[in-house]
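Right, one structure below, let's go through it.
Positions are given from 1 along the sequence.
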Amino acid sequence: GERAVRPRQTVFLCRYCGAGPAADVAFRAHRGLLFVLGFRRMDGPMCRVCGVAVHRALTTHTLCWGWWSPLSLFLFGPLTLVRNLLAVRRVKRLPEPGPGTLGERFDPGRPVHRRLRAYIALVPLSWLLSLIAAAVIRGG
């Protein structure tokens with residue numbers, strides 16, 4: 001009979017430290033300053049440790065700087081955060097990486113919720129909530 005041919009699975013190694021296994025992911029950062037928007041992307045195969053480190057760094061950057069324009073507040077900031085959450089889920093499913101061949105791994109540092117810069121996002125969000133509350137009070 002005919003034999004089924006299985007597709008070959010690609011084994012990825014981390015582009016930063018050379019360890020495996022790795023997942024092919026992309027993390028993003030967004031900066032919105034009034035009418036100037038900035039985007040940054042770090043992609044490629046990443047091991048669990050380097051992927052978590054990149055996620056924490058770029059997500060913290062977005063939480064700090066990704067809210068300071070109308071488009072950023074309603075579109076690009078939230079979209080960037082959701083995409084990063086989906087990507088970090090992929091790397092967190094990986095087992096601990098083996099020894100790297102390219103050098104040191106990134107240091108994941110503190111989780112995002114333990115980084116002071118992540119809470120800068122509360123400033124524009126508080127401002128937006130106060131505008132909504134003022135509109136409701138005036139209208140009611």
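- Atoms CD1 and OG, on Ile137 and Ser130 in that order, are 10.0 Å from each other to the nearest 0.5 Å.
- Looking at every heavy atom in both residues, Val112 comes nearest to His55 through CG2-CE1, 4.5 Å.
- Not one N or O on the side chain of Arg48 forms a donor-acceptor pair closer than 3.5 Å with the backbone of Pro95.
- The number of heavy atoms from other shown groups lying within 6.0 Å of CH2 (Trp68) is above 12.
- Legend: ring-ring contact (aromatic ring centres under 6.0 Å, His included) pairs involving residues 80-103, not counting sequence neighbours: none detected.
- For the atom pair CG (Leu102) and CG (Leu13), the distance works out to 8.0 Å, reported to the nearest 0.5 Å.
- Applying the side chain to side chain donor-acceptor pair (under 3.5 Å) test to Arg41 and every residue at least two apart in sequence or in another chain returns Asp43.
- Counting heavy atoms from C-beta outward, Val49 and Cys17 have side chains that stay 4.5 Å or more apart.
- Side-chain contact between Leu63 and Ile120: absent, with no pair of heavy atoms (C-beta onward) separated by less than 4.5 Å.
- Residue pairs meeting the salt bridge (charged side-chain N to carboxylate O under 4.0 Å, His left out) criterion with at least one partner in residues 108-136, sequence neighbours excluded, are absent.
- Applying the ring-ring contact (aromatic ring centres under 6.0 Å, His included) rule to pairs touching residues 103-128 yields Tyr16-Phe106, sequence neighbours excluded.
- Heavy-atom neighbours of Ile132 CD1 from other residues, nucleotides or ligands within 6.0 Å: above the threshold of 12.
- Atom CG of Leu79 is separated from atom CG of Leu71 by 12.0 Å, given to the nearest 0.5 angstrom.
- Here the side chains of Cys47 and Pro21 are not in contact, with every heavy-atom distance at 4.5 Å or above.
- In this structure, the side chain of Arg83 does not engage the main chain of Arg28 through any donor-acceptor pair within 3.5 Å.
- When side chains are defined from C-beta on, Met46 counts as touching Phe27, because their heavy atoms get closer than 4.5 Å.
- Closest of all the heavy-atom pairs between Ala23 and Arg90 is CB-NH2, 4.3 Å.
- Contact check for Lys92 versus Val52: side-chain heavy atoms found under the 4.5 Å cut-off.
- In this view, His30 and Phe39, Phe76 satisfy the ring pair (Phe, Tyr, Trp, His ring centres under 6.0 Å) rule, not counting sequence neighbours.
- Counting side-chain heavy-atom gaps under 4.5 Å among Ile, Leu, Val, Met, Phe, Trp and Tyr, the cluster of Leu86 also holds Val82.
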Inset, instruction - Evaluate the criterion side-chain contact (heavy atoms from CB on, under 4.5 Å) for residue pair Ser69 and Leu33; output intermediate values, then yes/no. - result: CA-CA 5 Å; Ser69 78; Leu33 301 172; over 6 Å; no
